[in-house]
Amino acid sequence: MESISAAAKLFGSLFYYPLNNENNTQYINYIKQSEDLNDTEFSDFIRAYEVTDNELVADDFQRLFEGCDVMPAPPWGSVYLDREQVIFGDSTLRFRQFLLNHNIELNTGMREPEDQFGLSLLAMAMMIDQEKDESVISELLSEHLLPWSYHYLELVKKHSKTDVYKTLSDITAGWLAALQKELNIIPHEYKLYF
C-alpha cells in the first residue's frame, strides 16, 4: 500500500497543482533523476515537459483544470455523475460524507468540491497513510473515483493542447487500471452525463 500512496500523491499533485508549483517541480526533478527513467512510462512525460514552452503548459492547465468559460474536461466527479452536471452535486456530497466517515478532511483553504480528480487521489493517499483498511480504499475507488475517472482522463487527453497532459492522462489511466486489477475492484456503474 505504501507504493500506492506514493503514486496517488504524485498523480494527485500533478492533477491538482500547476506543474510549476514547488511540489510538482520537486516531483518532476525526482523523476528526471531516476536511474530507470528510460525504462518507465514517465520518460515520454518528461520529454514532453522539457520541450514544451512553460507558458503553453500553464495555459493548458488553466484551461483544463481551472477553466474560464467552458471546460472541455471538468475535473469534478459530480459533473459526470450528476444529471445536472454541476459541481457540488449529490455525488460530491456522498464523497464528502464518505471522507467524513473515515475522518478525512480536505482543507485546501478554498471552498471547492472534494471530488476534484487530483484532490480525490490525495485523499486516497491520506487514507493509506492513516492505515485505513484496504476495503476503505477499494470503496473510494469503486464508488467515488473509477466510475468517472477513465472517461475524464480520455477527455483530458483529447482536449489537451500539449503532449504533457496527453501523456500524463495516459500514464494515470494505466496506473488506475493496474491498481484496479491488483485490488480486484469492480467500479460501480453510474450513468455518465458529461
Side-chain angles (χ1 to χ4, degrees), residues 1-31 34 40-42 45-46 49 57-58 60-62 64-67 71 73-81 87 91-92 95-96 98-100 102-110 112-132 134 136-157 160 164-180 182-183 185 187:
M1 292 298 270
E2 198 173 302
S3 64
I4 295 172
S5 174
K9 287 175 187 173
L10 169 68
F11 291 121
S13 183
L14 293 173
F15 274 93
Y16 185 71
Y17 301 106
L19 293 186
N20 64 357
N21 172 278
E22 181 181 343
N23 205 37
N24 284 338
T25 302
Q26 290 176 3
Y27 277 128
I28 290 168
N29 287 335
Y30 177 79
I31 294 167
S34 172
T40 70
E41 57 274 353
F42 282 102
F45 170 73
I46 294 298
Y49 179 74
V57 174
D60 221 9
F61 178 86
Q62 198 280 328
L64 291 168
F65 304 111
E66 295 176 334
M71 294 182 75
W76 304 283
S78 61
V79 173
Y80 302 92
L81 300 176
I87 59 173
S91 63
T92 304
F95 185 53
R96 180 181 295 157
F98 169 79
L99 295 174
L100 289 173
H102 296 287
N103 299 315
I104 299 293
E105 183 180 348
L106 299 175
N107 185 358
T108 63
M110 299 184 297
E112 64 181 323
E114 293 86 345
D115 64 345
Q116 196 273 357
F117 182 75
L119 201 53
S120 297
L121 292 175
L122 293 171
M124 183 172 77
M126 289 172 66
M127 288 182 158
I128 293 169
D129 291 349
Q130 291 180 6
E131 299 182 2
K132 301 291 182 191
E134 188 177 300
V136 173
I137 306 307
S138 294
E139 183 181 351
L140 183 152
L141 288 164
S142 67
E143 295 290 323
H144 302 287
L145 190 60
L146 290 178
W148 63 277
S149 61
Y150 294 120
H151 178 66
Y152 162 68
L153 291 168
E154 278 298 316
L155 290 175
V156 170
K157 182 178 177 179
S160 177
V164 174
Y165 285 108
K166 289 177 185 180
T167 305
L168 182 60
S169 64
D170 278 343
I171 296 167
T172 308
W175 173 71
L176 282 173
L179 183 59
Q180 180 181 344
E182 178 183 335
L183 298 178
I185 296 171

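Not measured: the values here are computed from a predicted model.
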Novice: Check whether any side-chain heavy atom of Ile4 sits under 4.5 Å from a side-chain heavy atom of Trp175, and report yes or no.
Specialist: yes
Novice: May I ask you to decide if the ring planes of Tyr152 and Tyr80 are parallel, tilted or perpendicular, using 30° and 60° as cut-offs?
Specialist: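 It falls in the perpendicular class, over 60°.
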Novice: Decide if the gap between the ring center of Tyr17 and the ring center of Tyr27 is smaller than 6.0 angstrom.
Specialist: no
Novice: Of all heavy-atom pairs between Asn24 and Pro18, which one has the smallest distance, and what is that distance?
Specialist: ND2-O, 3.0 Å
Novice: Please walk me through it: do Leu183 and Glu134 pass side chain to side chain contact (heavy atoms under 4.5 Å, CB included)?
Specialist: CA-CA 8 Å; Leu183 298 178; Glu134 188 177 300; 3.5 Å; yes
Novice: Could you report the tightest heavy-atom contact between Arg96 and Glu114, atom names first, then the distance?
Specialist: NE-OE2, 2.8 Å
Novice: Please check this pair: side chain of Ser169 against backbone of Lys166, looking for a donor-acceptor N/O pair closer than 3.5 Å.
Specialist: yes
Novice: Could you tell me which non-hydrogen atom of Ser78 sits nearest to which non-hydrogen atom of Asp115, and how far apart they are?
Specialist: N-OD2, 2.7 Å
Novice: Keeping Tyr150 on the side-chain end and Ala177 on the backbone end, is there a donor-acceptor pair under 3.5 Å?
Specialist: yes
Novice: Measure the shortest side-chain to side-chain distance between Asp60 and Val164 over non-hydrogen atoms and say whether it is less than 4.5 angstrom.
Specialist: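 No, their side chains stay 4.5 Å or more apart.
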Novice: With rounding to the nearest 0.5 Å, note down the distance linking NE2 in His144 to CG in Leu81.
Specialist: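 The distance works out to 10.0 Å.
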Novice: Once rounded to the nearest 0.5 Å, what's the spacing between atom OG of Ser13 and atom CD of Gln26?
Specialist: 9.5 Å
Novice: What heavy-atom pair brings Leu119 and Pro113 nearest, and what distance separates the two atoms?
Specialist: CD2-O, 3.8 Å
Novice: In Å and rounded to the nearest 0.5 Å, what is the OH to CD1 distance from Tyr49 to Ile28?
Specialist: 4.0 Å
Novice: From Lys157 NZ over to Leu168 CG, what is the distance, rounded to the nearest 0.5 angstrom?
Specialist: 12.0 Å
Novice: Assign the ring pair Phe42 / Phe45 to parallel, tilted or perpendicular, where the plane angle (0 to 90°) is split at 30° and 60°.
Specialist: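 Judged by the thresholds at 30° and 60°, the geometry between Phe42 and Phe45 is perpendicular.
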Novice: Are Met126 and Leu99 close enough that some pair of their side-chain heavy atoms sits under 4.5 Å apart?
Specialist: no
Novice: Could you go through Leu179 and Met124, starting from their C-alpha distance and side-chain angles, then the distance that decides it, and tell me whether this counts as side chain to side chain contact (heavy atoms under 4.5 Å, CB included)?
Specialist: CA-CA 12 Å; Leu179 183 59; Met124 183 172 77; 4.0 Å; yes
Novice: Given Leu146 and Leu176, is the side chain to side chain contact (heavy atoms under 4.5 Å, CB included) satisfied, shown in steps?
Specialist: CA-CA 8 Å; Leu146 290 178; Leu176 282 173; 4.2 Å; yes
Novice: Can you measure from CG (Leu100) to CZ (Phe95) and round to the nearest 0.5 angstrom?
Specialist: 10.5 Å
Novice: Has Asn29 got a side-chain atom pairing as donor or acceptor with Thr25's backbone, closer than 3.5 angstrom?
Specialist: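 Confirmed, Asn29 side chain pairs with Thr25 backbone.
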Novice: Decide yes or no for Ile128 and Ile137: does some side-chain heavy atom of the first lie under 4.5 Å from some side-chain heavy atom of the second?
Specialist: yes
Novice: Is there a side-chain contact between Glu143 and Phe98 (heavy atoms, below 4.5 Å)?
Specialist: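 No; the side chains remain at least 4.5 Å from each other.
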Novice: Mind listing the closest non-hydrogen atom pair of Glu41 and Ile171 along with its distance?
Specialist: O-CD1, 3.3 Å
Novice: Look up atom CG in Asn103 and atom CE in Met127, then write down how far apart they are to the nearest 0.5 Å.
Specialist: 9.0 Å
Novice: According to the interplanar angle, ranging from 0 to 90°, do the rings of Phe15 and Phe117 count as parallel (below 30°), tilted (30 to 60°) or perpendicular (above 60°)?
Specialist: perpendicular
Novice: Any side-chain heavy atom of Leu145 within less than 4.5 Å of one from Leu121?
Specialist: yes
Novice: What are the two closest heavy atoms between Phe65 and Pro75, and how far apart are they?
Specialist: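 Distance-wise, the nearest heavy atoms are O-CG, 3.8 Å.
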Novice: In sequence, state the C-alpha distance, the side-chain angles, and the governing distance for His102 and Leu140, and then conclude on side chain to side chain contact (heavy atoms under 4.5 Å, CB included).
Specialist: CA-CA 11 Å; His102 296 287; Leu140 183 152; over 6 Å; no
